[in-house]
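Computed from a prediction, not measured in an experiment: that's the story for all the values here.
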Amino acid sequence: MTLAPYAAREDRSRGRRHPEAPPQGRGEFQRDRDRIVHSSAFRRLEYKTQVFVSHEGDLYRNRLTHSLEVAQIVRSLARGLQLNEDLSEAIALAHDLGHTPFGHAGQDALDDCMKAWGGFEHNAQSLRVVDELEDKYAEFPGLNLSFETREGILKHCSLARAATLGDVGERFIAGRQPGLEAQLTNIADQIAYNNHDIDDGLRAGILSIEQLLEVPLFARFHGEVTARYGALTPRQLRHETIRRMINALVIDLHGETARRLASANLPDIEAVRSHPEPLVAFSDTMRRDNRDLKRFLYEHLYRHHAVYRVMHKARRIVRELFEALFGDLRLLPPGFQAAALNADDDAGRARVVADYVAGMTDRYAQDEHARLYDLKQLR
Ligand code: MG
C-alpha cells in the first residue's frame with residue numbers, strides 16, 4: 001500500500017520515549033496497536049459506559065465496542081486517503097483508555113474533585129494510561145508507544161496541562177495541528193458515537209423515529225429507505241437508515257478531505273502539522289447536518305430525564321469514592337496506597353486517587369462505593 005507523502009511514516013517517526021530495537025514481522029505502529037489491545041485498560045473498556053450504564057442492557061454500546069467502531073471507520077478512511085492505516089487503528093483503539101466510569105458524568109465529577117490540583121481531563125488521562133499507568137513491561141513504564149500514536153491520543157487538552165506534557169503538549173502551545181491520522185480519528189469518533197447513540201436511543205425507547213425526523217440527515221435517509229422498501233420492521237428501518245447515514249458522513253469526509261489535501265499540496269507530515277487549520281473536514285453542508293444531529297442528541301438523549309437521573313447518581317458515586325479514598329488513603333489497595341503515601345504533597349496524593357477511580361469500570365465503582373458506604377454490609 002503506497003502512502004501519500006503527507007501520511008505518517010514509520011521510518012520518519014519521532015520515535016518512542018524509551019528507545020527500543022525495531023519490531024520483527026510487524027511495523028512500529030502495528031506494535032503500538034498490539035500493545036494497546038493487550039493492555040488491561042483496553043479490556044476494562046468493555047465495562048465502561050458511553051451513554052447507557054452497563055446494567056441497563058447487554059446490547060448497548062460500551063467503550064470497547066465504540067472504540068472498535070471508530071477503528072473500523074477510520075481504517076477505511078485512512079486506506080482511501082492513502083494515510084497510515086495501522087497508526088489510525090492504534091489511535092482509535094487507544095483514544096478512550098483514560099475514560100472514567102459512567103462516561104462524561106464520571107469525568108465531570110472527577111474533574112470537580114480535582115479542581116484544586118489541575119483538574120481531570122479524560123484525553124490527558126488516556127495519554128497517562130499509555131505513558132505511565134500500565135505497568136507490566138520490564139524496561140519502561142506504560143506501553144512506550146510511538147510519538148505519533150501519543151500525539152493522536154491527546155486530542156485536546158488545556159494549555160496549562162499542555163505545558164506539563166513535553167513533546168506531545170507542544171502543539172497546543174504553538175497552535176499546530178496533529179498528523180492527519182489523528183485528525184481523521186477525531187472525526188471518526190464523532191461519526192461513530194452520533195450514529196450509535198441514535199441506534200441505542202431508539203432501542204432504549206428514549207428517542208422515537210418521529211422525533212428524529214426533525215434531523216435533516218436522518219429524515220433524508222429514512223425517506224430513502226421507506227421509499228425503496230415500504231414496510232420494514234423497526235429494527236430493519238433503524239439499521240438501514242443509520243448505515244446510510246454513516247456511509248454518507250464517511251464519503252463526504254473523504255471527498256472534502258481529499259479536495260483540501262489536493263489544493264494544499266503538502267510535501268510531508270511536518271507541512272500538515274504547520275498548516276493553519278485542520279485538513280480533515282466535512283463539506284459545509286455536511287458540517288451543518290452533523291451539527292444539527294449533535295444538537296438533537298444533546299437535547300433529546302443526553303439530557304433526557306431517565307439518562308440524566310442515572311448520570312446524577314453516577315456523579316455522586318464518583319464524588320463520594322474520591323472523598324472517601326482521599327480522606328483516608330489506607331482505604332486504597334496496596335499499589336495505589338504505596339504510590340499515594342510516597343507522593344510529596346496533596347496534589348500528588350489526589351492524582352493517585354484520581355488514577356485509581358478513573359481506572360474503575362462502572363460495575364467496580366458501584367461495588368466499591370457500596371463497600372465504602374453501605375453500613376448494612378460490612379465487608
Ligand atoms: Mg470516543
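At a threshold of 4.5 Å between non-hydrogen side-chain atoms, the residues Leu77 and Thr257 do not count as touching. Within the 4.5 Å cutoff, the side chain of Leu321 has heavy atoms near those of the Ile317 side chain. In this structure the side chain of Leu237 never reaches within 4.5 angstrom of the side chain of Tyr229, judged on heavy atoms. Using a 4.5 Å heavy-atom cutoff, the side chains of Glu134 and Leu97 are not in contact. Side chains of Asp112 and Phe322 form no contact here, defined as non-hydrogen atoms less than 4.5 Å apart. Residues Pro178 and Gln183 meet the side-chain proximity criterion, which asks for heavy atoms closer than 4.5 Å. Between His275 and Glu277 there is a side-chain heavy-atom pair separated by less than 4.5 Å. Using a 4.5 Å heavy-atom threshold, the side chains of Thr149 and Leu143 count as separate.
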key: Pair Leu217-Met286, side-chain contact (heavy atoms from CB on, under 4.5 Å): steps then yes or no   = CA-CA 9 Å; Leu217 193 63; Met286 193 56 99; 4.0 Å; yes

query = Could you walk me through whether Ser146 and Asp32 pass the side-chain hydrogen bond (donor to acceptor under 3.5 Å, both in side chains) check?
reply = CA-CA 7 Å; Ser146 309; Asp32 284 359; 2.9 Å; yes

key: Test side-chain contact (heavy atoms from CB on, under 4.5 Å) applied to Arg220 and Asp289, step by step   = CA-CA 11 Å; Arg220 189 185 327 147; Asp289 282 350; 2.6 Å; yes

ask   = Would Lys115 and Asp111 satisfy salt bridge (charged side-chain N to carboxylate O under 4.0 Å, His left out), going step by step from the backbone distance to the final call?
value = CA-CA 6 Å; Lys115 267 282 162 313; Asp111 186 34; 3.3 Å; yes

key: Leu184 and Ile91: CA distance, side-chain angles, deciding distance, side-chain contact (heavy atoms from CB on, under 4.5 Å) verdict   = CA-CA 10 Å; Leu184 211 53; Ile91 297 171; over 6 Å; no

task = Using the side-chain contact (heavy atoms from CB on, under 4.5 Å) rule, take Phe102 and Gln366 through it: C-alpha gap first, then chi angles, then the decisive distance, then the call.
result = CA-CA 10 Å; Phe102 312 120; Gln366 274 173 280; 4.1 Å; yes

request  = With side-chain hydrogen bond (donor to acceptor under 3.5 Å, both in side chains) as the test, would you mind laying out the steps for Asp189 and His66 before giving the verdict?
outcome  = CA-CA 8 Å; Asp189 185 22; His66 162 71; 2.8 Å; yes

inquiry  = Pair Arg260, Glu256 - check salt bridge (charged side-chain N to carboxylate O under 4.0 Å, His left out), show working.
reply    = CA-CA 6 Å; Arg260 289 183 183 213; Glu256 178 65 20; 3.0 Å; yes

query = Can Arg26 and Asp34 be said to form a salt bridge (charged side-chain N to carboxylate O under 4.0 Å, His left out), step by step?
reply = CA-CA 10 Å; Arg26 57 182 172 162; Asp34 298 349; 2.9 Å; yes

request  = Let me see the working for Arg61 and Asp199 under salt bridge (charged side-chain N to carboxylate O under 4.0 Å, His left out), right down to the final yes or no.
outcome  = CA-CA 9 Å; Arg61 266 65 170 197; Asp199 189 48; 2.7 Å; yes

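Glu28 and Ser13 form no side-chain donor-acceptor contact under 3.5 Å, judged by distance and modelled atom types alone.
Here the shortest heavy-atom pairing between Pro141 and Glu132 reads CB-O, 4.3 Å. Contact detail for Leu154 and Arg171: the closest heavy-atom pair is O-NH2, 2.8 Å. Nearest heavy-atom pair across Arg17 and Asn144 is N-OD1, 3.3 Å. Between Lys48 and Pro101, the shortest heavy-atom contact is NZ-N, 4.3 Å. In terms of heavy-atom proximity, Pro23 sits nearest to Arg31 at CD-NH2, 3.6 Å. For Ala358 against Gln125, the heavy-atom pair with the smallest separation is CB-NE2, 4.1 Å.
Atom-to-atom distance recorded for Gln337:CD and Asp328:CG is 8.5 Å, nearest 0.5 angstrom. Atoms CZ and CD, from Arg128 and Glu121 in turn, are 12.5 Å apart once rounded to the nearest 0.5 Å. Between atom NE2 of residue His239 and atom OG1 of residue Thr233 there is a gap of 11.0 Å, rounded to the nearest 0.5 Å. One distance of note links CG of Leu297 with OH of Tyr193; it measures 9.5 Å at 0.5 Å rounding.
Between Phe336 and Tyr356, the ring-plane angle classifies as tilted under the 30° and 60° cut-offs. Between Phe140 and His18, the two ring planes are parallel [angle under 30°; tilted spans 30° to 60°]. Ring geometry for His222 versus Phe218: interplanar angle under 30°, hence parallel rather than tilted (30 to 60°). In this pair, His104 and His122 present their aromatic rings perpendicular. The plane angle is above 60°, beyond the 30 to 60° band.
Cation-pi geometry between Arg35 and Tyr137 is satisfied (NZ or CZ under 6.0 Å from the ring centre, within 45° of the ring normal). For the pair Arg12 and Tyr6, the cation does not sit on the ring face, since its NZ or CZ is not both under 6.0 Å from the ring centre and inside 45° of the axis.
Enclosure of atom CZ in Arg79 is not indicated, since only 12 or fewer non-hydrogen atoms of other residues, nucleotides or ligands lie within 6.0 angstrom. Counting heavy-atom neighbours within 6.0 Å of Arg316 CZ, excluding the residue itself, gives a total of 12 or less. Within 6.0 Å of the CZ atom in Arg371, the count of heavy atoms belonging to other residues, nucleotides or ligands exceeds 12. More than 12 heavy-atom neighbours from other residues, nucleotides or ligands sit within 6.0 angstrom of CD on Gln377.
At distances below 3.5 Å, not a single donor-acceptor pair connects side-chain atoms of Glu151 with backbone N or O atoms of Ala182.
Taken together through direct or relayed side-chain contacts under 4.5 Å among Ile, Leu, Val, Met, Phe, Trp and Tyr, Ile73 and Ile198 form part of one hydrophobic cluster. Cluster annotation: Leu68 and Tyr47 are assigned to distinct hydrophobic clusters (Ile/Leu/Val/Met/Phe/Trp/Tyr, side-chain heavy-atom contacts under 4.5 Å, transitive). Hydrophobic clustering of Ile, Leu, Val, Met, Phe, Trp and Tyr side chains at less than 4.5 Å, counting indirect connections, unites Phe282 with Phe296.
Here Arg351 pairs with nothing under the side-chain hydrogen bond (donor to acceptor under 3.5 Å, both in side chains) rule; sequence neighbours left out. For Arg287, the side-chain hydrogen bond (donor to acceptor under 3.5 Å, both in side chains) partners are Asp284, not counting sequence neighbours.
Under the 4.0 Å criterion applied to side-chain N and carboxylate O atoms, Asp131 and Arg150 are assigned as salt-bridge partners.
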